Q: 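Let me begin by handing over the structure; questions about it come next.
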There are 2 protein chains.
Amino acid sequence: MVADLSAGELAAYFALRAAGDRLQRAVTQQLRSYDLTEVQFSILAQLGSAGDGIGMGQLARALVVTKSGLTYQVGQLEARGLVARHPDANDDRAVQLHLTAGGKKLLAHVMPAHVALVRELFIDRVGPADLAIIRDNLAQVAQD
Amino acid sequence: MVADLSAGELAAYFALRAAGDRLQRAVTQQLRSYDLTEVQFSILAQLGSAGDGIGMGQLARALVVTKSGLTYQVGQLEARGLVARHPDANDDRAVQLHLTAGGKKLLAHVMPAHVALVRELFIDRVGPADLAIIRDNLAQVAQD
DNA sequence: TATTGTTATACTCTATAACTATA
DNA sequence: TATAGTTATAGAGTATAACAATA
């Protein structure tokens, strides 16, 4: 089975999938302790790194979700007071999404924990020189 | 934001997540053309590489899903005639899950396409020497 | 008593399509 | 006409807890 890949290639593929799964599982579990899903965390993180607000459509494209799916998740976050919708001065159809003070505060708690987890599970297990190799090659994989 | 990771470390983390997401998205889309979810494909693949049958509990642990979730997915596959439940000779509570002829046939179609996709998106984009580095390091990440 | 597996149930999430309002 | 976003709706998948049967 999987005969067209050499043993080494197969092992590399399994390692990539296993590492990705493991990391994702650990992140999901950690976020659950803050009552956040990964999509919700991604929304908060995007808003946190954007200086000003973000439109719904733009955010939906960035997160690779549908507009209606994003409306649902933003609704969840808004109900918890973590994000707020503001009118767009240039386009009356559009909405600018912002973090509230509460959202910023939560993100300020979650992000360090997230970073620590990534360091523990990924960065610290990879040699510095190898890290650059992994980065460059996987960036190619991510490319269209 | 994400201040505790250097730019290079952050880039490596993003590359890993992006590569994993990209690969998963492509695989999911390809499997949809066979009307299979990833979990269902994993079930078929596990059964395909196991010589004899597999118990439900053992399979649930391997796939990191609950027993009831597995019962649901196996039910879907069984309804399509791709897998079959057989009694366990040694334990009257247990079930041995097997591929049917139809399941083997479908897997024989899906697996080469899967391998080709993995080759196109991953193996062919990574230098052979780098592949070994990626394999060894990511295997460490996957470890408990 | 513990374990194998199923069932009943409820819930979360996602997408499709139709819709409103504005460009 | 096209675009931004929401809503209504339905479907797929997952987990929890209770259950039956056997070890």
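The structure displayed is predicted, hence computed values, not measured ones. Below, all heavy atoms of this structure are taken into account, side chains as well, without hydrogens, waters or symmetry copies. Proteins come first, then strands; the chains are lettered A, B, ... in the order of their sequence lines, and each starts at number 1.
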Q: Which salt bridge (charged side-chain N to carboxylate O under 4.0 Å, His left out) pairs, counting each pair once, include a residue from residues 52-80 of chain A, with sequence neighbours left out?
A: A:Glu78-A:Arg85
Q: For A:Val27, give me all partners under side-chain contact (heavy atoms from CB on, under 4.5 Å), at least two apart in sequence or on another chain.
A: A:Leu31, A:Glu38, A:His114, A:Leu117, B:Tyr13, B:Arg17
Q: Check nucleotides 11-14 of chain C against the protein and report each pair of N or O atoms closer than 3.5 Å, with its distance, or say if there are none.
A:
from: C:dC13; atom 1: OP2; to: A:Tyr72; atom 2: OH; distance (Å): 3.2
from: C:dT14; atom 1: OP2; to: A:Gln73; atom 2: NE2; distance (Å): 3.0

Q: Kindly determine whether B:Phe122 and A:Gln140 satisfy side chain to side chain contact (heavy atoms under 4.5 Å, CB included), including the steps that lead there.
A: CA-CA 9 Å; B:Phe122 178 46; A:Gln140 287 299 314; over 6 Å; no
Q: Heavy atoms, side chains only, cut-off 4.5 Å: are B:Leu59 and B:Gln46 in contact?
A: yes
Q: Specify the residues of residues 56-64 of chain B, ordered by number, for which at least one heavy atom lies under 4.0 angstrom from an atom of DNA chain C.
A: B:Met56, B:Gly57
Q: Can you check the B:Leu70 CG to D:dA12 P distance for me, whole Å?
A: 18 Å
Q: Determine: side-chain N/O of A:Thr71 to OP1/OP2 of D:dT6, distance under 4.0 Å, yes or no.
A: yes
Q: Please report the interatomic distance CG(B:Leu138) to CG(A:Leu23), rounded to the nearest 0.5 Å.
A: 9.5 Å
Q: What is the distance, rounded to the nearest whole Å, between atom CD1 of B:Ile43 and atom C1' of D:dT14?
A: 13 Å
Q: Once you apply a heavy-atom cut-off of 4.0 Å, does A:Gly55 come out as touching a base, just sugar-phosphate, or nothing?
A: sugar-phosphate
Q: Check whether any side-chain heavy atom of A:Leu77 sits under 4.5 Å from a side-chain heavy atom of A:Leu36, and report yes or no.
A: yes
Q: Show, in sequence, the C-alpha distance, side-chain angles and deciding distance for B:Asp92 and B:Asp88, and conclude whether the side chain to side chain contact (heavy atoms under 4.5 Å, CB included) test is met.
A: CA-CA 6 Å; B:Asp92 279 354; B:Asp88 184 318; over 6 Å; no
Q: Over how many whole Å does the gap from A:Lys67 atom NZ to C:dT20 atom C1' extend?
A: 12 Å
Q: Measure the OG1-OH distance between B:Thr66 and B:Tyr72 for me, rounded to the nearest 0.5 Å.
A: 12.5 Å
Q: Kindly write out the residues that satisfy side-chain contact (heavy atoms from CB on, under 4.5 Å) with A:Arg25, not counting sequence neighbours, or none if the list is empty.
A: A:Asp21, B:Val64
Q: Of all of residues 81-99 of chain B, which get a heavy atom below 4.0 angstrom from DNA chain D, listed by number?
A: B:Asp91, B:Asp92, B:Arg93
Q: Does the pair A:Glu9 and B:Arg119 meet the rule for a salt bridge (Lys or Arg N to Asp or Glu O under 4.0 Å), with working shown?
A: CA-CA 9 Å; A:Glu9 290 169 345; B:Arg119 177 172 291 292; 3.0 Å; yes
Q: Is any side-chain heavy atom of A:Thr28 closer than 4.5 Å to a side-chain heavy atom of A:Thr37?
A: no
